[in-house]
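One structure is given here, and the rest of the page talks about it.
Position 1 is the first residue of the sequence; numbering continues from there.
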Amino acid sequence: MELSSGLKKSFLAFLVVVGSMVTLGDAYCFVELQVPGRPYRGCIMNGKLYPFGHIERTEDCYKCDCRQGGMQCCSIYLTPVSYDRKNCKFVFDKKRCRYDILQRDNSSQPCSAASLVG
């Protein structure tokens with residue numbers, strides 16, 4: 001069975017993207033493939049059009065690469081996994097792309113001894 005040229009290119013792009021993810025360590029990453037056959041001027045994520053190429057920071061705090069075959073993104077923030085859940089809470093600060101771990105009773109005070117993962 002012979003594959004079309006467009007399908008071959010999409011599959012090759014997918015393999016390159018997945019292969020490069022191995023080198024990104026433990027950052028949260030994902031790939032969104034574009035629908036084959038549709039004309040694109042970039043990549044769409046959460047309703048926003050991003051240009052082809054490297055995107056240093058999206059509105060949702062991801063670093064992405066937009067190509068004709070799809071978009072590969074990785075988080076640029078760390079997620080709290082170990083903290084005092086009884087006395088602390090975490091809040092995402094979208095401007096700074098980070099979670100703040102704060103005392104439940106006094107949100108102006110940070111909690112200590114938290115572990116974060118990428």
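Expressed to the nearest 0.5 Å, how far NZ of K63 lies from SG of C29 amounts to 10.5 Å. S75 OG to D60 CG: the interatomic distance, rounded to the nearest 0.5 Å, is 12.0 Å. Atom CD of Q72 and atom CG of L33 lie 11.0 Å apart (nearest 0.5 Å). Within the model, atoms SG of C43 and NZ of K48 stand 13.0 Å from one another, a figure rounded to the nearest 0.5 Å.
Across all their heavy atoms, I101 and P80 have their closest contact at CD1-CB, 3.9 Å. For the pair L78 and Y99, the tightest heavy-atom approach, listed with the atom from each and the gap, is O-CD1, 3.1 Å.
Looking at heavy atoms from C-beta onward, Q34 lies out of side-chain contact with R67 at the 4.5 angstrom threshold. Taking the side chain as every heavy atom from C-beta outward, C66 and I55 approach each other to under 4.5 Å. Side-chain contact between T58 and Y50 is present, with heavy atoms from C-beta onward closer than 4.5 Å.
In terms of the ring-ring contact (aromatic ring centres under 6.0 Å, His included) criterion, F52 has no residue partners (sequence neighbours excluded). Contacts of R57 classified as side-chain contact (heavy atoms from CB on, under 4.5 Å), with partners at least two apart in sequence or in another chain: C61, I76, C97. Under the rule for a side-chain contact (heavy atoms from CB on, under 4.5 Å), the partners of C73 that lie at least two apart in sequence or sit in another chain are F30, M45, Y62, C64, M71.
There is no path of hydrophobic side-chain contacts, each under 4.5 Å, that joins L102 to Y83.
Taking a 6.0 Å sphere around CG of N106, one finds it holds more than 12 heavy atoms contributed by other residues, nucleotides or ligands.
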